[in-house]
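Atom set for the values below is all heavy atoms of this structure, side chains included, hydrogens, waters and symmetry mates excluded.
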2 protein chains.
Amino acid sequence: MPRAGLSREKLIEAGAVLADSEGFAALTLAALARQFGVKLASLYAHVRNSDDLKAGVALRALDALADEADEAVAGRAGKEAVVALAEVHRRFAGDHPGLFEAARFPLSPEQAAGSGGVRLARTMLAALRDYGLSEADQVHAVRLLGSFFLGFSLLERGGSFSHSQPEPDLSWQCGLDALDLTLKSWMKK
Amino acid sequence: MPRAGLSREKLIEAGAVLADSEGFAALTLAALARQFGVKLASLYAHVRNSDDLKAGVALRALDALADEADEAVAGRAGKEAVVALAEVHRRFAGDHPGLFEAARFPLSPEQAAGSGGVRLARTMLAALRDYGLSEADQVHAVRLLGSFFLGFSLLERGGSFSHSQPEPDLSWQCGLDALDLTLKSWMKK
DNA sequence: CATAAAAACTAATGGTATTAGGTAAAAAAC
DNA sequence: GTTTTTTACCTAATACCATTAGTTTTTATG
């Protein structure tokens, strides 16, 4: 019996594609085993357990998001950079809900330390360069922005903005304008 | 064989307690059946399926959050009210992670329409009264605040703030101060 | 009391995840 | 090239969760 040629990387890649196309909840060892034409137990030669696989997919999702963020911010500064970064978050959540959810899977501190999440924070710091913030305020800003981007995307996707006017796009713009002004007011003092 | 005296309300109540003590992931029909000493299939006389039960627990969690919010905002105005409201969110997430997660379970539009989520938005609007915002800006503000409260709590609980200084409490204060100033600058124009 | 309705049970089915031991394929050693 | 070792895959077993359909028992109703 020839080997299916599986590997950890292949499983994680296929897992990410599955989560993206069918949703994170559809990502199961059983589904992947079927896809590769092997018995489920065979996957344990490559991943420790189901959570190990999911963490791998989460890391990949974070990398994908970080890649898009890097690209969006390149060559941009100030408000333009922040807005570009924000749009990446919101668009990623809208275009890739399965990966967006995967990216939120709990990671160990070691896993998180080497992840796209850290790159994302770095990209956000770079985007803030033009605001001339103090060291501490840079961190506060990253946390403020990150919180808004994540919270808004989740609430929007959860339908919380569906039954009220004005359109969410306006609130998003409003929020970004407000945060930009806030950052400007925090300039080194 | 005497009946166990189950009811939908009892199951949802017990489910909320279980989610609160063991985490939302521990909330299963099987666990509740064991707790009440009945066979799992018996629960279907009271709930449609597992998701129906979870939605019920979600609604209860939202009500609990809304109750705390109402209480915290009562007798308060302006920044004090907003800060009190924010603290409720963050504290709820920290003290009741299982219920916090339950509150985020996807609900149908009908379910959401009658939920603590709507009460929460109303309470937030009330908290904003002192800022004298326009109708539209009130909605923008609710969405901005809600996004920050949710996003910050999730990132904090997910460990995103663990490996960097300053302390998250400072960023939280900074964020609230910033949002307060923003709202003040939005006063009817 | 008899009947109807509803709750609880039984049996069956389907699905997911993990472990331990065995076998065959591939890699490494000679 | 052959032999030995390692590793990937399978089998069998186990555990757990969820749902459906039909049956039985309990409770409510007339």
Side-chain angles (χ1 to χ4, degrees), chain A residues 1-60 98-99 101-102 104-108 111, chain B residues 1-60 98-99 101-102 104-108 111:
Chain A
M1 171 184 309
R3 296 186 170 185
L6 299 181
S7 69
R8 181 182 174 85
E9 290 67 45
K10 280 188 176 176
L11 288 178
I12 289 174
E13 173 61 32
V17 170
L18 181 60
D20 201 12
S21 59
E22 308 294 332
F24 192 54
L27 174 56
T28 64
L29 291 179
L32 286 184
R34 279 192 300 271
Q35 182 178 321
F36 285 101
V38 298
K39 297 302 162 111
L40 194 162
S42 306
L43 301 193
Y44 289 92
H46 307 279
V47 294
R48 209 161 43 252
N49 52 40
S50 177
D51 276 358
D52 183 33
L53 172 75
K54 284 171 183 166
V57 172
L59 291 169
R60 181 162 286 236
L99 291 181
E101 189 176 342
R104 306 211 41 264
F105 187 76
L107 300 173
S108 71
Q111 291 172 323
Chain B
M1 168 184 310
R3 293 188 171 183
L6 298 181
S7 70
R8 181 183 174 83
E9 289 68 43
K10 280 187 176 175
L11 287 177
I12 289 173
E13 172 63 31
V17 170
L18 180 60
D20 201 11
S21 58
E22 310 292 334
F24 192 55
L27 173 56
T28 63
L29 291 180
L32 287 183
R34 278 192 301 272
Q35 182 179 324
F36 284 101
V38 298
K39 299 300 162 111
L40 194 162
S42 306
L43 303 193
Y44 289 92
H46 307 279
V47 295
R48 212 160 41 250
N49 52 41
S50 177
D51 276 358
D52 183 33
L53 171 75
K54 285 172 184 166
V57 172
L59 290 169
R60 182 164 284 238
L99 291 180
E101 190 176 342
R104 309 214 37 267
F105 186 76
L107 299 173
S108 70
Q111 292 172 322

To the nearest 0.5 Å, what is the distance between CG (B:L11) and CG (B:L53)? 6.5 Å
Testing the basics here: between B:A4 and B:F36, what is the closest heavy-atom pair and its distance to 0.1 Å? CB-O, 4.4 Å
Short side-chain to backbone donor-acceptor contact, A:K10 and A:G5, under 3.5 Å: yes
Any donor-acceptor N/O pair, A:S42 side chain to A:V38 backbone, under 3.5 Å: no
Per the under-4.0 Å heavy-atom filter, residues of residues 46-57 of chain B near DNA chain D come out as B:N49, B:S50
Provide, to the nearest angstrom, the distance between the NZ atom belonging to B:K39 and the C1' atom belonging to D:dT24. 14 Å
Please state how far atom CZ in B:F36 lies from atom C1' in C:dA8, giving the value in whole angstrom units. 14 Å
With a 3.5 Å cut-off and heavy atoms only, can you find an N or O donor on one side and an acceptor on the other between the side chain of A:R3 and the base of C:dA25? yes
B:L40 CG to C:dT13 P, straight-line distance once rounded to whole Å: 18 Å
Where the side chain of A:Q111 meets the backbone of A:S108, is there a donor-acceptor pair that is under 3.5 Å apart? yes
Where the side chain of A:L29 is concerned, which of C:dA8, C:dA17, D:dT27 is the nearest nucleotide? C:dA17
How far does CG of A:N49 sit from CG of A:L43, to the nearest 0.5 angstrom? 11.5 Å
Return whichever of A:Y44 or B:S7 has its heavy-atom-nearest nucleotide of DNA chain C closer to the 5' end. B:S7
Under the side chain to side chain contact (heavy atoms under 4.5 Å, CB included) rule, what do B:R8 and B:D52 come out as? Steps first, then yes or no, please. CA-CA 10 Å; B:R8 181 183 174 83; B:D52 183 33; 2.8 Å; yes
Nearest-nucleotide wise, let me know which of A:R34 and B:A4 is further upstream toward the 5' end of DNA chain C. B:A4
Any idea which of D:dA18, C:dT19, C:dC9 is nearest the A:A41 side chain? C:dT19
Rounding to an integer number of Å, can you tell me how far B:Q35 CD sits from D:dC17 P? 14 Å
Name every residue in residues 16-27 of chain B that has at least one heavy atom under 4.0 Å from any atom of DNA chain D, in order of residue number, or write none if there are no such residues. none
Is B:K54 reaching over with its side chain to a backbone N or O of B:G15, donor-acceptor style, under 3.5 angstrom? no
CG-CG distance between A:L29 and A:D51, expressed to the nearest 0.5 angstrom: 9.5 Å
Reckon B:S42 has a side-chain N or O less than 4.0 Å from the OP1 or OP2 of C:dA7? no
To the nearest angstrom, the CG-P distance between B:L11 and C:dA7 comes to 11 Å
Testing D:dT11, C:dT16, D:dA8 for proximity to the side chain of A:A45, the answer is D:dA8
